[in-house]
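Have a look at the structure below, then the notes.
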Amino acid sequence: MADKYTPQTIEAKWQQRWDDDGLYRSRVDWSRPKHYALTMLPYPSGDLHIGHWFAMTPSDARARYMRMKGFNVMFPMGFDAFGLPAENAAVQRNIHPKTWTYANIERMRKQLRSMGAMFDWTREAISCEPSYYKWTEWFFKIFYENDLAYRGEALVNWSPTLQTVLANEQVIDGKDERTGQPVVQKLMTQWFFRYRHYADEMLDFSKMDWPEPVKIMQENWIGRSEGARIVFKTEAGDPIEVFTTRPDTVWGATFMVLAPEHPLVEKITTDAQRADIHAYVERVARETELERTAEDREKTGVFTGAFAVNPVNDARIPIWIADYVLVNYGTGAIMAVPSGDQRDFEFARKFGLEIIPVVQPDDQPLLDGATMEAAWDGAGTMINSGPLNGIRANGEKGRKNPSVDAAIDYIEEIMVGKEAVNYRLRDWLISRQRYWGSPIPMVHCEDGTMETVPDDQLPVVLPDDVEFMPTGRSPLTYYAPFLNTVDREGRPAKRETDTMDTFMCSSWYHLRYLSPKYAAAPFDPEEAAYWLPVDTYTGGAEHATMHLLYTRWFNKAIRDLGVFDDARTIAAAHGRSADGLFDEPMMQMRNQGQILGEEREGDVVVATGRADGAKLFADYVEVIDRDQAEAARQQKPDAIVGQIMKRTENLLQVDDGGDTLRTIEVVQGATVVIPSIPGANNVNQLRQHLDIQRMSKSKGNVVNPDELVAQYGADTVRAYLMFGFDWSKGGPWNSQQISGVVRWLNDIWEIGTAEPPTGAGDPEVEREIERRMHQTIAKVGEGMESFSFNTTIAALMAFRNDLKTAIRDDKLSERAWRAALHEMLLLMAPITPHIAEELWEQLGFAYSIHEQAWPVYDADKAKSEMTTLVIMKNGKPVGHVEVPVDIEAEAAQEAALASDAAKRFLNGDKPKKVVFVPGRNGMEPKVNIVV
RNA sequence: GCCGGAGUGGCGAAAUGGCAGACGCGAUUGACUCAAAAUCAAUUGUCCGCAAGGGCGUGUGGGUUCGACUCCCACCUCCGGCACCA
C-alpha cells in the first residue's frame with residue numbers, strides 16, 4: 001500500500017528544491033519568445049489573506065502554462081509599501097511606519113512563498129526603499145523639467161481642529177472619523193501632473209486586449225466632449241469664460257452659474273447679496289463632490305446681484321452661484337440654458353428665472369418657456385436664435401450636428417468664442433500632506449522661487465528619527481533637519497514637505513522589476529528591450545480607472561521624454577521592431593473578482609435579567625440549539641430568546657423574531673454559558689451573525705490562508721480557489737466545498753502511487769481513454785487561454801472519473817496507464833505544481849515537470865465515430881437517434897423525420913419547416929422540426 | 001446621482017444564439033463496519049404520474065428568432081468605482 005498524500009511534506013520539499021535550482025529565475029534570452037506575466041503587487045497590510053491567493057495563484061497557473069507552452073516567462077512580485085495605514089499605525093500604536101511596513105513585508109514574504117508560485121524573487125521591488133523611490137523622485141524631476149508637473153490649487157479635506165489634511169476615507173458624513181469634528185473643503189497649493197496632455201492618446205485602445213468594461217469606464221472617466229468656449233462679460237466688463245457642448249443653444253442662455261469657489265465670485269457680488277453669498281459658500285465647503293453632483297437633489301443657489309451680457313444677443317442675464325457647478329470641471333462657470341438642460345431647467349423653475357426655448361422638437365406644439373415641463377435636449381429645429389433660426393439640430397454631438405456646426409462658425413466669426421474640446425478628466429493631483437510617501441525633490445528658495453534637487457543628491461531621503469503627533473500632521477512639516485536645506489547657491493532654503501501619491505509608485509513598478517538593483521537608471525535597458533511590454537496583467541476591476549489610467553499616462557510621458565530610447569535601440573539590434581513597443585505598458589489585462597466573507601449564523605441565546613424599557617440588563621445568558629428556541633420561549637416567557645445579530649463588547653443585538661432587534665446589555669459578572677466551549681465562558685465568546693461582505697479584521701470574517709495551507713496543503717487551496725469560483729466574479733468563501741478538491745487530489749495520489757496494472761488492457765476502453773485525454777487537453781488549454789480556471793479543473797476531474805473507472809475495471813495495460821498519467825500530470829502541473837512534480841518523479845519521468853512542453857492536442861484522436869442527433873419540436877428537444885458524427889443535412893433530416901419522436905407529434909402531417917444545425921465544436925447535431 | 005458589472009437547482013457553478021444545470025458540495029438510499037468516519041454504488045431542478053410520459057423552469061415584464069441564460073427595450077435587487085484606502 002502506497003503512502004498517504006501528505007502535502008505538507010512534499011510541498012516544503014519541492015519549494016526548497018525549485019529554489020535551490022533557481023527554476024523560476026527568469027533571464028533575458030533573445031533566442032526564445034518572452035512572456036511578462038504581472039499580477040498587481042500587494043500593499044503590505046499585515047497578513048496575506050485569501051483574496052491575495054485568489055488573485056495570485058490563478059495568475060501563477062497561467063504563467064506556468066505559458067512557460068510550458070514554450071515562452072520564457074517572467075513573473076515577479078513586490079510591495080506597494082508607502083501609504084496611509086502605516087501612518088495610522090504610527091499615530092495609533094506608536095510604531096514607526098518603516099518598522100511596521102518592513103515587519104509586514106517580512107511576514108508576507110513567507111506567506112507568499114507558501115503558495116508555491118513561480119515568483120522570481122531576485123526581481124523583488126519595494127517602493128519604500130530609497131533605491132526605488134530615488135527613481136520615483138527622478139521621474140518627478142523630469143516631468144517638472146519638461147512642463148508635465150506644475151503647481152496649482154486644489155480642494156483638500158481640512159480639519160480645523162487637527163490642522164491637518166484628511167484622506168477621503170477618514171471623513172465620514174462630513175466629520176473626521178477620529179474626533180467627530182467637522183471637516184471643510186479648503187483650497188491649497190499643490191503639485192499636479194498634466195494628465196490631460198495624454199487624454200486623447202489614452203482613448204486609443206486599438207493595440208490592447210483589455211476587458212471591454214474597463215475600456216468603457218476609462219473612456220467615460222476621460223470624458224472627452226467637443227463644443228466651444230464662449231466668453232461672456234459682466235456688466236462691469238469682467239470676462240467669464242464658459243465651455244459648452246451646445247453652443248447652438250447660447251440664445252437660450254438666460255442666466256449664468258459660477259462655482260461657489262470661482263475667483264470672480266467675491267469681486268462681482270453686490271453688497272446687498274454679500275452675506276447670503278458668504279453663507280452659501282461656507283455651506284458648500286462642507287459638501288462632498290458626490291453630494292454636489294447628485295442629480296436627484298433639490299437645486300440650491302444664490303444670486304450674486306451681478307449681471308452678464310449674452311454675447312450673441314446682448315441680453316442682460318443674472319449671475320448666480322450654485323453647488324452643481326464644480327470649479328475643477330470645464331471653466332468653473334456655465335451659461336445656463338434652462339430650455340435645453342434639465343439641471344438648469346430645475347434651477348430656473350425653482351428660482352423663477354426666464355426660460356427661452358431654442359430647439360423646437362418635431363411634430364409638437366410650439367414650446368413656451370412659461371409652460372414647458374422639462375428641458376428638451378433632443379432633435380428639432382432652431383428657434384429664437386437669430387441667424388441660426390430654421391437650422392436643423394439633429395441631436396448628435398459636435399460638428400456632426402448642423403446647428404452646432406453653424407453656431408461654432410458664427411461665434412468664431414463675431415469673435416466671442418472658439419471651437420474647443422473639454423475633458424472630464426482632471427489633472428493628476430500628486431501632492432499628499434503626509435510623511436510616508438516618496439519625497440518631492442524640490443527646494444523652496446528664500447526669494448520665493450523653486451529649484452529641483454540635483455541628481456547627485458537624489459534621493460531626498462525620508463528622515464527616520466521623527467516623532468508622530470496624534471493629530472496625524474506630517475512630521476516633515478516640523479522636523480527641522482529635513483525641512484532646512486540650502487539651494488544650489490548654498491543659501492538657506494526649505495524642502496518641499498508634500499510627498500507623492502502612492503499611485504505614482506505603482507505606475508512604474510513593472511519597470512523596476514526588470515532590474516531592481518540597477519543603479520544607473522530606473523531600469524536596465526537590456527532587460528526592458530527584451531521583456532517589455534507586460535504581456536498579461538491581472539488584478540481587481542476596482543482599479544479600472546485610477547491605477548490603470550495613471551500607469552498608462554506615466555508610460556506615455558516617460559516614452560516621450562526618451563526614457564525608453566536605449567531599450568528601443570537594443571531591441572532593434574536584436575531584430576525586434578520597436579515601433580509602438582513602448583506606447584502602452586500592458587498589452588493584455590484581465591480582472592478577477594473579490595472573495596467575500598462567509599455567511600455565518602450567530603449564536604442563539606436565552607437571556608434573563610432586569611428589563612429596563614426595551615432594554616434587558618442580563619445577568620444570565622445561555623447559548624442553546626437553534627431548534628430549541630421555540631421551546632425556550634414558552635418555558636421562559638420573561639427571557640429574550642433569539643440569534644445574536646451583532647455584538648459590540650457586552651452589548652448584544654438579538655433577533656427574537658419581532659420587528660425590531662432587542663438590545664441586551666450583559667452586566668458585569670453575568671453568567672455566560674456556552675456548552676460548545678468548555679470551561680468558564682465570557683461574553684466575548686458569543687458569536688454574532690455575519691453577512692456576506694468584504695473581509696476585514698474588524699468584522700472578524702477574515703479567512704486565513706495559512707491555516708488552510710497547514711490543513712490541506714497549498715495545492716488544494718490553489719485548486720479550490722480556481723475551481724470553486726468564476727474567477728472574474730469571485731464570491732463568498734465557503735469552507736465546506738473544498739472537500740471536492742481534497743477528494744480529487746487524494747484520488748490522483750492514489751492512482752499515481754498505485755502499483756501499475758498487470759492486465760493486458762481492453763483496446764476499446766484504451767481508445768476511449770485516449771479520446772477523453774485529448775478532449776481534456778483541448779478543454780484545459782481553452783480554459784487556460786480564457787482564464788476559465790474552473791472549467792479547466794472540471795475537465796481534469798471528469799478525466800479522473802473516467803480513468804478511475806477504467807482502472808477499477810482493470811481495462812488498462814501498464815502502457816496505457818502510464819501514458820494517461822503522463823499527460824494528466826502535465827495538464828495539472830500549472831494548477832497543482834507540487835503534487836504533479838512529486839508523482840512525476842515517482843513515476844520515473846525526468847525532472848522537472850515544470851520544464852516540460854505542454855501536451856499537443858490531436859483532433860483525430862479526440863474524435864468519436866458516432867454521435868447523438870437531437871430531434872427538436874419548435875426548438876424543444878423531444879428525442880435522439882445515433883448517427884455518424886459527420887452526418888450531412890439531408891441524411892440528418894431524413895433520420896429525424898423517421899424517428900419515433902417525430903412520428904409521435906407529426907401524426908402524418910407535413911412539418912412547416914425543418915432546420916438542420918450541424919454539430920460543431922463537440923456539440924451534437926440537431927434537427928428542429930417546426931409545426 | 002453618474003459610470004461599469006452581476007442575478008441560473010438547497011449551495012459553488014457550466015453552457016461560440018442550438019439537449020439548461022457539465023464538474024463539484026450537500027442531501028437521500030444502499031454496501032463495508034459492532035459503530036462512526038473514510039471509501040464504494042445509486043438517486044438528486046421542480047410539479048403531476050405506479051410507470052411510460054407530460055407540464056413548468058435561467059431576477060421581473062415585453063420583443064426579435066425555426067430556436068434566447070445568451071441579442072434588443074423597460075424595470076427590480078445586489079456588487080465595484082467616483083479622483084487623498086490601495
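Predicted model, so just to flag it, every value in this text is computed and none were measured. First the proteins, then the strands, lettered A, B, ... as listed; each starts at 1.
A close approach under 4.0 Å does not occur between any side-chain nitrogen or oxygen of K876(A) and OP1 or OP2 of C66(B). Proximity of R808(A) to the phosphate of A41(B): a side-chain N or O atom is located under 4.0 Å from OP1 or OP2. Close to C23(B), at under 4.0 Å from its OP1 or OP2, lies no side-chain N or O of N801(A). For the pair R743(A) and C25(B), the criterion of a side-chain N or O lying under 4.0 Å from OP1 or OP2 is met.
Atom CD1 of I595(A) is separated from atom P of G80(B) by 14 Å (rounded to the nearest Å). The interatomic distance linking R426(A) (CZ) with C2(B) (C1') rounds to 14 Å, in whole Å. For the pair K873(A) NZ and G55(B) P, the interatomic distance rounds to 7 Å; values are reported in whole Å. W436(A) has its CH2 atom 13 Å from the P atom of A86(B), to the nearest Å. Computed from coordinates, the L549(A) CG to A86(B) C1' distance equals 16 Å when rounded to whole Å. For the pair E542(A) CD and G80(B) C1', the interatomic distance rounds to 7 Å; values are reported in whole Å. Regarding R432(A), its CZ atom lies at a distance of 11 Å from the P atom of A83(B), rounded to whole Å. Here A14(B) presents its C1' atom at 19 Å from CZ of F787(A), a figure rounded to the nearest Å.
No contact: E291(A) has no heavy atom under 4.0 Å from any strand. Across all strands shown, L425(A) has heavy atoms under 4.0 Å from base atoms, whether or not it also approaches the sugar-phosphate. Within 4.0 Å (heavy atoms only), E87(A) reaches no atom of the nucleic acid at all. Residue contacts shown for N328(A) are absent, as no nucleic acid heavy atom lies under 4.0 Å away. Using a 4.0 Å heavy-atom criterion, one finds that V165(A) contacts the bases of the nucleic acid, with or without backbone contacts as well. Note on G593(A): nothing from the nucleic acid sits closer than 4.0 angstrom, heavy atoms only. Across all strands shown, H547(A) has no heavy atoms under 4.0 Å from either base or sugar-phosphate atoms. Across all strands, R800(A) comes closer than 4.0 Å only to sugar-phosphate atoms, never to a base (heavy-atom distances). Within the nucleic acid shown, S431(A) comes within 4.0 Å of at least one base atom, counting heavy atoms only. Here W428(A) lies out of heavy-atom contact (under 4.0 Å) with every strand. Contacts of M923(A) with the nucleic acid, taken as non-hydrogen atoms under 4.0 Å apart, include base atoms. Across all strands, K215(A) comes closer than 4.0 Å to no nucleic acid atom at all (heavy-atom distances). Base contact: V156(A) has a heavy atom under 4.0 Å from a base atom.
Taking the C1' atom of each, A31(B) and A22(B) are spaced 28 Å apart, rounded to whole Å. With both ends at atom C1', the span from G45(B) to C25(B) equals 16 Å, rounded to whole Å.
Side-chain atoms of Q737(A) and base atoms of C11(B) include a donor and an acceptor less than 3.5 Å apart. The base of C66(B) sits with one of its N or O atoms less than 3.5 Å from a complementary donor or acceptor on the side chain of N928(A).
With hydrogens and angles left out, the side-chain atoms of S735(A) and E598(A) include a donor and acceptor closer than 3.5 Å. Side chains of T538(A) and T39(A): a donor on one and an acceptor on the other come within 3.5 Å. Side-chain atoms of T471(A) and Q163(A) include no donor-acceptor pair closer than 3.5 Å. Using modelled atom types, one finds no donor on one side chain facing an acceptor on the other under 3.5 Å when comparing E261(A) with Q185(A). Side-chain atoms of R473(A) and T477(A) include a donor-acceptor pair closer than 3.5 Å. Side chain to side chain, Y550(A) and D501(A) fail the donor-acceptor criterion of an N or O pair below 3.5 Å.
Using Watson-Crick or G-U wobble geometry with both donor-acceptor distances under 3.5 Å, U44(B) finds its partner in G26(B). Of all nucleotides present, only G59(B) satisfies the Watson-Crick or G-U wobble test against C75(B), with each distance under 3.5 Å. Remark: G9(B) base-pairs with no nucleotide in the shown strands. Criterion, Watson-Crick or G-U wobble with two distances under 3.5 Å.
Ring-centre distance between F140(A) and W191(A): below the 6.0 Å cut-off.
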